[in-house]
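Report on one structure; see the data block that follows.
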Amino acid sequence: MEKKILIPSNFTKHAWNTLVYALNLYKSVPCTFYILNAYKIPTRISLNRNQSAELEAAKAESEKGLHKIMQGLNFRKENEKHTFETISRNKDLADAIQETVDTHKIDLILMVSRGENVSINAAFENEISEVIQKVEDCPFLVLPEQMQDLPETKREIVFPTNYKFPFKNKEVAALIDMANNLNASIRILYIDSDGRPLSKEQEQNMEMLKTYFTEVDFSFHKLTQTTVTTGIHLFIESRESSFLALYKRKQGFFSKLFSQRFKEEIDFNPKVPVLILKELE
């Protein structure tokens with residue numbers, strides 16, 4: 001089945017590297033890649049000459065940048081299964097992404113975070129966090145700016161959960177899809193911070209995950225006597241894991257992890273790509 005992948009671009013080398021990473025990630029999968037450039041020029045009902053000229057200039061610059069990307073892709077010609085569409089919008093980035101997701105039924109959004117770590121802590125103001133918070137009904141893959149090539153072997157995705165809430169099958173579909181595409185294993189990680197046994201509900205939710213992951217290699221893991229964030233960091237580093245997957249519930253694990261009142265005690269900036277799974281209605 002063809003995948004629809006959205007890649008916002010601001011025409012930097014990091015945005016280009018994100019596109020190349022996506023091409024490698026889906027090199028064996030038929031895909032349409034939507035390359036989006038969003039620029040924001042305030043418009044009024046009645047534009048004066050200067051405002052009209054500014055809008056036309058911004059639009060031309062956006063379309064010129066998208067054209068250059070298409071030229072670069074034409075030189076590569078790596079995969080006949082890949083097609084490309086460009087989108088230019090005079091909107092805030094989050095609004096432009098949401099419009100594209102809704103219009104084209106996007107399967108995954110790829111973005112790059114500034115720096116060597118993935119900054120996804122919603123307690124701090126940055127573009128990535130803002131977009132992740134605002135855009136609904138679509139998973140994200142957030143890459144560190146200094147991204148590494150995909151490992152050739154031993155690919156694994158760490159998926160932390162407290163088992164307190166049930167998942168819908170379609171909410172973890174992007175995780176399963178990525179594991180299949182990469183021939184990667186899923187390592188389901190439970191951080192037992194308080195030393196209590198799993199409740200009956202937690203055990204049921206754990207069993208439900210087993211039914212979802214039947215077609216991929218997966219295993220359950222448990223860490224004790226550590227905090228959630230420290231435990232995840234240590235697990236990834238000790239195993240040299242390739243990816244981290246986080247589930248963003250509107251009220252729950254992800255929200256608690258990144259809430260404002262935890263700002264002082266959380267330093268959660270992984271050095272691996274992070275797949276953000278969204279709660280779906």
Using the side chain to side chain contact (heavy atoms under 4.5 Å, CB included) rule, take I191 and T226 through it: C-alpha gap first, then chi angles, then the decisive distance, then the call. CA-CA 7 Å; I191 309 293; T226 184; 3.9 Å; yes
I109 vs V131, test: side chain to side chain contact (heavy atoms under 4.5 Å, CB included). Steps then yes/no. CA-CA 11 Å; I109 304 161; V131 170; over 6 Å; no
Between I69 and T86, does a side chain to side chain contact (heavy atoms under 4.5 Å, CB included) hold up when you go through it step by step? CA-CA 9 Å; I69 289 176; T86 59; 5.9 Å; no
Assess whether side chain to side chain contact (heavy atoms under 4.5 Å, CB included) is satisfied between I186 and L175, documenting all intermediate values. CA-CA 8 Å; I186 299 174; L175 172 58; 3.8 Å; yes
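For the atom pair F33 CZ and L110 CG, the distance stands at 8.5 Å (nearest 0.5 Å). Atom CZ in R89 sits 6.0 Å away from atom CD1 in I87 (nearest 0.5 Å). In this structure, the separation between CD on E279 and CD on E171 is 6.0 Å, given to the nearest 0.5 Å. Atom CD of E136 sits about 10.0 Å away from atom CG of L280, to the nearest 0.5 Å. In this structure, OH on Y39 lies 15.5 Å from CG on N10, to the nearest 0.5 angstrom. Between atom CZ of residue F243 and atom OG of residue S185 there is a gap of 12.5 Å, rounded to the nearest 0.5 Å.
In terms of modelled atom types and a separation under 3.5 Å, the side chain of N79 and the main chain of K27 share a donor-acceptor contact. Under the 3.5 Å distance criterion, the side-chain polar atoms of D107 are left unmatched by any main-chain donor or acceptor of I5. No side-chain donor-acceptor contact under 3.5 Å links H221 to the backbone of V158. A donor-acceptor distance shorter than 3.5 angstrom exists from the side chain of T100 to the backbone of A96, with no hydrogens or angles considered. A distance-only check finds a donor-acceptor pair linking the side chain of N37 to the backbone of S9 [under 3.5 Å]. K154 contributes a side-chain N or O that, together with a main-chain N or O of R239, makes up a donor-acceptor pair within less than 3.5 Å. With hydrogens and angles disregarded, a donor-acceptor distance shorter than 3.5 Å links the side chain of Q202 to the backbone of N162. At distances below 3.5 Å, not a single donor-acceptor pair connects side-chain atoms of S241 with backbone N or O atoms of I157. Although no hydrogens or angles enter the test, the distance criterion places a donor-acceptor pair under 3.5 Å between the side chain of N205 and the main chain of Y163.
The pair D92-K134 does not count as a salt bridge, with every side-chain nitrogen at least 4.0 angstrom from each carboxylate oxygen. Ion pairing between a basic and an acidic side chain is recognised when a charged N comes within 4.0 Å of a carboxylate O; D137 and K105 show no such pairing. At a threshold of 4.0 Å, the pair K210-E207 counts as salt-bridged, since one of the basic side-chain nitrogens sits closer than that to a carboxylate oxygen.
Taking the side chain as every heavy atom from C-beta outward, M111 and L6 never approach each other to under 4.5 Å. Looking at T12 and V112, their side chains never come closer than 4.5 Å, going by heavy atoms from C-beta outward. Looking at heavy atoms from C-beta onward, L108 lies in side-chain contact with Y26 at the 4.5 angstrom threshold. Contact of the L25 side chain with the N181 side chain is not registered, since no non-hydrogen atoms from C-beta on lie closer than 4.5 Å. Contact of the K248 side chain with the F140 side chain is not registered, since no non-hydrogen atoms from C-beta on lie closer than 4.5 Å. You'll find the side chain of L19 stays beyond 4.5 Å of the side chain of N17, heavy atoms only.
Residue-environment remark: CG (N169) exceeds the threshold of 12 foreign heavy atoms within 6.0 Å. Counting heavy-atom neighbours within 6.0 Å of H104 NE2, excluding the residue itself, gives a total above 12. The number of heavy-atom neighbours closer than 6.0 Å to NZ of K222, taken from other residues, nucleotides and ligands shown, is 12 or below. Annotation: K168, atom NZ; neighbour count of heavy atoms from other residues, nucleotides and ligands within 6.0 Å is above 12. More than 12 heavy atoms of other residues, nucleotides or ligands sit less than 6.0 Å from atom NZ of K278. Annotation for Q71: atom CD counts as buried by contact number, over 12 foreign heavy atoms lying within 6.0 Å. The environment of K64 atom NZ is sparse: at most 12 non-hydrogen atoms of other residues, nucleotides or ligands sit within 6.0 angstrom.
One side chain, Q98 or D102, offers a donor N or O that lies under 3.5 Å from an acceptor on the other. A donor-acceptor contact under 3.5 angstrom links the side chains of T32 and E2, judged on distance only.
The shortest non-hydrogen separation linking A245 to F159 is O-CD1, 3.5 Å. Between Y21 and P273, the shortest heavy-atom contact is OH-CG, 3.7 Å. Taking every heavy atom of both residues into account, F11 and G65 meet most closely at CE2-C, 3.4 Å. The two residues I232 and P160 come nearest to each other via the heavy atoms CD1-CG, 3.5 Å. Between C138 and V101, the shortest heavy-atom contact is CB-CG1, 3.8 Å. Heavy-atom minimum distance, K81 versus S28: NZ-O, 3.6 Å.
Residues Y190 and L234 are members of separate hydrophobic clusters, defined by side-chain heavy-atom contacts under 4.5 angstrom among Ile, Leu, Val, Met, Phe, Trp and Tyr.
Ring pair F167/Y247 is perpendicular by interplanar angle, where above 60° counts as perpendicular and below 30° as parallel.
Partner K40 forms a side-chain contact (heavy atoms from CB on, under 4.5 Å) with one of D95, N90, L93 and no other, that one being N90.
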